[in-house]
Amino acid sequence: EYLERIGDEMGVVRALNGLAVAAIDLDLDASTAQSYIDAALPVARRATGGERLWLGILLGNRSEVERFEGGYRTAIASAREALRILNEQHEKARAGWQLTNIAHCQLLENDGAAAIKSLREAYGYLSEEPDPRMIGWYFDVWIIVAAGLGYWDIAIRILGFVATFRARNGLVRLPLLLPWTAPVVSRLSRKYSEDAYERLVTEGGELTLEAAEELTRSIVVTRSAVPASPVPTTTRQRGREPTTRRPSA
């Protein structure tokens, strides 16, 4: 209200974006997040110059909300618009974030080949501007893609890698991907014996960033492969925080 009274339009945009992020990232409240984004977008679309960065950020956050609610095609459209603006602003890491989200949605649309292509492109951006938070998100989506395409040995090693990577960089995993990551962890815990689970997770934790990326290069879509991500199709199902420790029975 104060920012509106003094005429600081972009201040209002930044505040509304912060509220939207808190609503979706912390409370998984998509409808509230969407209402804040909808209020901010008309103002952000009037921005010029460097302030257009906030339009790209808002569209990226809208894409995440749309994906969370199951609107994968609209999420891809929002992310592609965000990607164009973030490229215009030379925001490499945030552009990588959009391609990572696009890849996730493409897998959920049963297009594993497109998902892999988008992730390869995302890594190119993230290599130019390494941002630990975006890199962690990127490998989270690789876990989902690997599992969805049946590459379980890779999924579990990447799970171990990304847990160690976040710990080293002082990062926490936000719950926004829980509807997709939690079922993967649950499936992995059933698929492997306790000893094998711990061994593979430990192996993953010892990978360098470059070695983890190289591991993903083994993931391909064959003609006979049908993407089948072991995840809920509704965001009303809530998982618990994925962990590298084997879930107890």
Side-chain angles (χ1 to χ4, degrees), residues 96-97 99-104 106-108 112-127 130-222 224-232 239-249:
W97 160 44
L99 284 160
T100 298
N101 192 29
I102 288 169
H104 187 188
Q106 287 168 328
L107 180 74
L108 295 169
I116 291 171
K117 182 178 179 182
S118 293
L119 284 171
R120 301 278 184 248
E121 190 177 352
Y123 188 74
Y125 281 98
L126 294 171
S127 297
D131 180 306
R133 185 166 59 96
M134 304 302 183
I135 290 171
W137 189 282
Y138 164 83
F139 279 106
D140 276 340
V141 172
W142 263 124
I143 294 168
I144 298 165
V145 170
L149 296 175
Y151 287 84
W152 297 100
D153 284 1
I154 293 178
I156 194 170
R157 287 182 172 91
I158 297 299
L159 178 70
F161 164 77
V162 78
T164 300
F165 178 83
R166 280 200 172 93
R168 287 174 178 166
N169 287 278
L171 300 172
V172 297
R173 176 186 276 124
L174 294 173
L176 192 55
L177 286 179
L178 274 176
W180 297 278
T181 52
V184 172
V185 174
S186 178
R187 176 75 178 271
L188 288 168
S189 72
R190 297 192 304 272
K191 186 173 182 64
Y192 295 96
S193 69
E194 185 171 354
D195 287 346
Y197 186 98
E198 298 296 339
R199 175 177 57 80
L200 292 168
V201 164
T202 299
E203 286 180 10
E206 294 171 351
L207 294 171
T208 63
L209 174 62
E210 294 75 17
E213 174 61 19
E214 185 62 29
L215 187 60
T216 70
R217 301 283 164 171
S218 303
I219 300 174
V220 296
V221 178
T222 63
S224 60
V226 177
S229 186
V231 298
R240 62 183 177 80
E241 174 69 19
T243 175
T244 55
R245 296 182 60 187
R246 184 181 176 86
S248 57

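Since the model is a prediction, treat every value here as computed from it, not as a measurement.
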field: Set of ring pair (Phe, Tyr, Trp, His ring centres under 6.0 Å) partners for Phe161, sequence neighbours left out
entry: Phe139, Phe165
task: Apply the test side-chain contact (heavy atoms from CB on, under 4.5 Å) to residues Asp140 and Trp180: give CA-CA distance (whole Å), side-chain angles for both, the deciding distance (0.1 Å), then the verdict.
output: CA-CA 10 Å; Asp140 276 340; Trp180 297 278; over 6 Å; no
message: Any heavy-atom pair between the side chains of Val221 and Lys117 that's under 4.5 Å?
response: no
message: Quick check: do Ile116 and Leu149 have side-chain heavy atoms less than 4.5 Å from each other?
response: yes
task: Grab the two heavy atoms, one from Ala103 and one from Ser118, that are nearest each other, plus how far apart they are.
output: CB-CB, 3.8 Å
task: Nearest 0.5 Å please: distance from the CD atom of Glu210 over to the OG atom of Ser127.
output: 8.5 Å
query: Do any N or O atoms from the side chain of Ser189 and from the backbone of Ser186 form a donor-acceptor pair under 3.5 angstrom?
result: yes
- prompt: Counting only N and O atoms by type, is there a donor-acceptor contact under 3.5 Å from the side chain of Tyr151 to the main-chain atoms of Val220?
  reply: yes
query: Can you name the closest pair of heavy atoms from Pro179 and Leu176 and give their distance?
result: CD-O, 3.7 Å
field: Heavy-atom check, side chain of Ile158 versus side chain of Thr216, under 4.5 Å
entry: yes
- request: Kindly give the heavy-atom pair with the smallest separation between Ile219 and Ala146, and that separation in Å.
  value: CD1-CB, 3.6 Å
- request: Under the ring pair (Phe, Tyr, Trp, His ring centres under 6.0 Å) rule, collect the residues that match up with Tyr123, sequence neighbours excluded.
  value: Tyr138
- prompt: Under a 4.5 Å cut-off applied to non-hydrogen side-chain atoms, are Leu215 and Trp142 in contact?
  reply: no
- line: So CG of Asp195 and CG of Leu200: to nearest 0.5 Å the spacing works out to 11.0 Å
message: Could you tell me if the side chain of His104 sits less than 4.5 Å from the side chain of Leu177, heavy atoms only?
response: yes
Non-hydrogen side-chain atoms of Leu159 and Tyr197 separated by less than 4.5 Å: yes
- prompt: Do Arg173 and Val162 come close enough that some side-chain heavy atom pair is under 4.5 Å?
  reply: yes
- prompt: Between the main-chain N or O of Asp153 and the side-chain N or O of Tyr192, is there a donor-acceptor pair closer than 3.5 Å?
  reply: yes
task: List the steps and the verdict of side-chain contact (heavy atoms from CB on, under 4.5 Å) for Ile135 and Glu213.
output: CA-CA 11 Å; Ile135 290 171; Glu213 174 61 19; over 6 Å; no
Between CD on residue Gln106 and CG on residue Leu99, distance to nearest 0.5 Å: 9.0 Å
query: If we ignore angles and hydrogens, is there a donor and acceptor under 3.5 Å between the side chains of Arg168 and Thr164?
result: no
- request: First locate atom CD of Glu198, then atom CD of Glu194, and finally report the distance between them rounded to the nearest 0.5 Å.
  value: 6.0 Å
field: Nearest-0.5 Å distance, CD1 of residue Ile102 to CG of residue Leu107
entry: 14.0 Å
query: How about Trp97 and Arg133: do any of their side-chain heavy atoms sit closer than 4.5 Å?
result: no
- line: Here the gap from Thr208 atom OG1 to Glu214 atom CD, rounded to the nearest 0.5 Å, amounts to 10.0 Å
message: Restricting to salt bridge (Lys or Arg N to Asp or Glu O under 4.0 Å), what partner residues turn up for Arg120, sequence neighbours left out?
response: none
